[in-house]
There are 2 protein chains.
Amino acid sequence: MAEAHDMLFRTLADPTRRALFERLCREGEKTVGALTAKAGVSQPVVSKHLNLLKQAGLVRDRHEGRQTHYSAQLGALAPLIDWTSQMARFWETRFDDLENLLRRMDQ
Amino acid sequence: MAEAHDMLFRTLADPTRRALFERLCREGEKTVGALTAKAGVSQPVVSKHLNLLKQAGLVRDRHEGRQTHYSAQLGALAPLIDWTSQMARFWETRFDDLENLLRRMDQ
DNA sequence: ATAACGTATAGCTGTACGGCTATGGATTTG
DNA sequence: CAAATCCATAGCCGTACAGCTATACGTTAT
């Protein structure tokens, strides 16, 4: 049962891949060539990473002639945000429970 | 230049490891034995994962006799939250820029 | 002191994956 | 039509790592 978070975390775990996503967030739509120019890895590697980002829903691709434009899909980060705040909520709940317990013990 | 996000994302990318962290968030402090009981993997594997979580700052360990208690360190998620909101901010900035551009073009 | 218990470490194995080069398919240019 | 350009795919290699068993280390119990 590979959850949705799995792919998201795994996809963002690789530095090269995350850097690509960050550039797309910062600078907007880019072609594969433009991305490759400053990626520090070969073009096939960039294409491969972009494909994985796409499968994770983190980017969109748009074909125009012989070049492909990629852009960030920020909405895909939602599960990550949800997960994080859920962990925080669990933590706070336990903290509240502890507080309640101590309060009851005080009486 | 392995950034701080690297370890965090990589550490949370593994399902088994993330499940351990989630349990510690939900249920609070647990011993290695208690965690192993429902982890679905062997005890050495659990210990290994806990060590990695510890190196990432995601958990604390507390030794009590012959058993070790682990607990979640929620603060370690801060860089992750920062990164996410930063990406969102970049995205919104570009969106605002686009809006401004369109507004100027409208005149 | 010895045994039993809880955890950590060591060492091994298989697999997943990031990097590369080479090449193919599609499109634009000469 | 030929050549060049852009990207994707195929195939290979090396390394990282998650899982295992065996074992060592420290603590409690007998």
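Chain letters run A, B, ... following the sequence lines, proteins first, then strands; residues in each count from 1. Model, not experiment: these values are computed from the prediction.
- Remark: the backbone N or O of A:Leu12 is paired with a side-chain donor or acceptor of A:Arg18 at under 3.5 angstrom.
- A single hydrophobic cluster is seen to contain both B:Val32 and B:Val41, as judged by linkage of ILVMFWY side chains at heavy-atom distances under 4.5 Å, directly or through other members.
- Below 30°, between 30° and 60°, or above 60°: for B:Phe21 and A:Trp83 the angle between ring planes is between 30° and 60°, a tilted geometry.
- B:Glu29 has its side chain out of reach of B:Leu24: every pair of non-hydrogen atoms, C-beta onward, lies at least 4.5 Å apart.
- Candidate nucleotides C:dG19, C:dA8, C:dT21 were compared by shortest atom distance to the side chain of A:Ser42, and C:dT21 ranks first.
- Separating the CZ atom of A:Arg66 from the P atom of C:dT27 is a distance of 11 Å, rounded to the nearest angstrom.
- Note that the CD atom of A:Gln67 and the CG atom of A:Asp61 stand 13.5 Å from one another [nearest 0.5 Å].
- With rounding to the nearest 0.5 angstrom, the NZ atom of B:Lys48 is 9.0 Å from the OG atom of B:Ser42.
- The side chain of B:Thr68 places an N or O atom within less than 4.0 Å of a non-bridging phosphate oxygen (OP1 or OP2) of C:dA8.
- Using a 4.5 Å cut-off between side-chain heavy atoms of Ile, Leu, Val, Met, Phe, Trp and Tyr, with links allowed through other members, A:Val45 and A:Tyr70 fall into the same hydrophobic cluster.
- Within a 6.0 Å radius of CZ in A:Arg60, other residues, nucleotides and ligands contribute 12 heavy atoms or fewer.
- Checked by atom type and distance alone, the side chain of B:Arg17 never pairs as donor or acceptor with a backbone atom of B:His49 at under 3.5 Å.
- Taking a 4.0 Å limit (strictly below) on heavy-atom distances, residues 28-38 of chain B reaches DNA chain C at B:Thr31, B:Val32, B:Gly33.
- Non-hydrogen atoms lying under 4.0 Å from DNA chain C are contributed by A:Asp14, A:Thr16, A:Arg17, all within residues 11-27 of chain A.
- For the pair A:Glu64 CD and C:dA26 C1', the interatomic distance rounds to 15 Å; values are reported in whole Å.
- The stretch residues 44-63 of chain B touches DNA chain C through B:Pro44, B:Ser47, each having a heavy atom within less than 4.0 Å of the strand.
- Each end of the helix from C:dA1-D:dT30 to C:dG30-D:dC1 gets its own rotation axis from five pairs of C1' atoms, and the angle between them is 10° to the nearest 10 degrees.
- Rounding to the nearest 0.5 angstrom, the gap separating the CG atom in B:Leu20 from the SG atom in B:Cys25 is 11.0 Å.
- Atom CG of A:Leu50 and atom CD of A:Gln43 lie 9.5 Å apart (nearest 0.5 Å).
- When DNA chain D is scanned 5' to 3' for any atom under 4.0 Å from a heavy atom of chain A, the first and last hits are D:dA4 to D:dT9.
- In this structure, A:Leu77 and A:Leu74 have side chains that are in contact, with non-hydrogen atoms separated by less than 4.5 Å.
- Using a 4.0 Å heavy-atom criterion, one finds that A:Gln43 contacts the bases of the nucleic acid, with or without backbone contacts as well.
- Between the CD atom in B:Gln55 and the CE atom in B:Met7 there is a gap of 7.5 Å [rounded to 0.5 Å].
- Partners of B:Arg10 according to the salt bridge (charged side-chain N to carboxylate O under 4.0 Å, His left out) rule, which considers only residues two or more places apart in sequence or in another chain, do not exist here.
- The structure places NE2 of A:His5 at 7.5 Å from CG of A:Leu80, a figure rounded to the nearest 0.5 Å.
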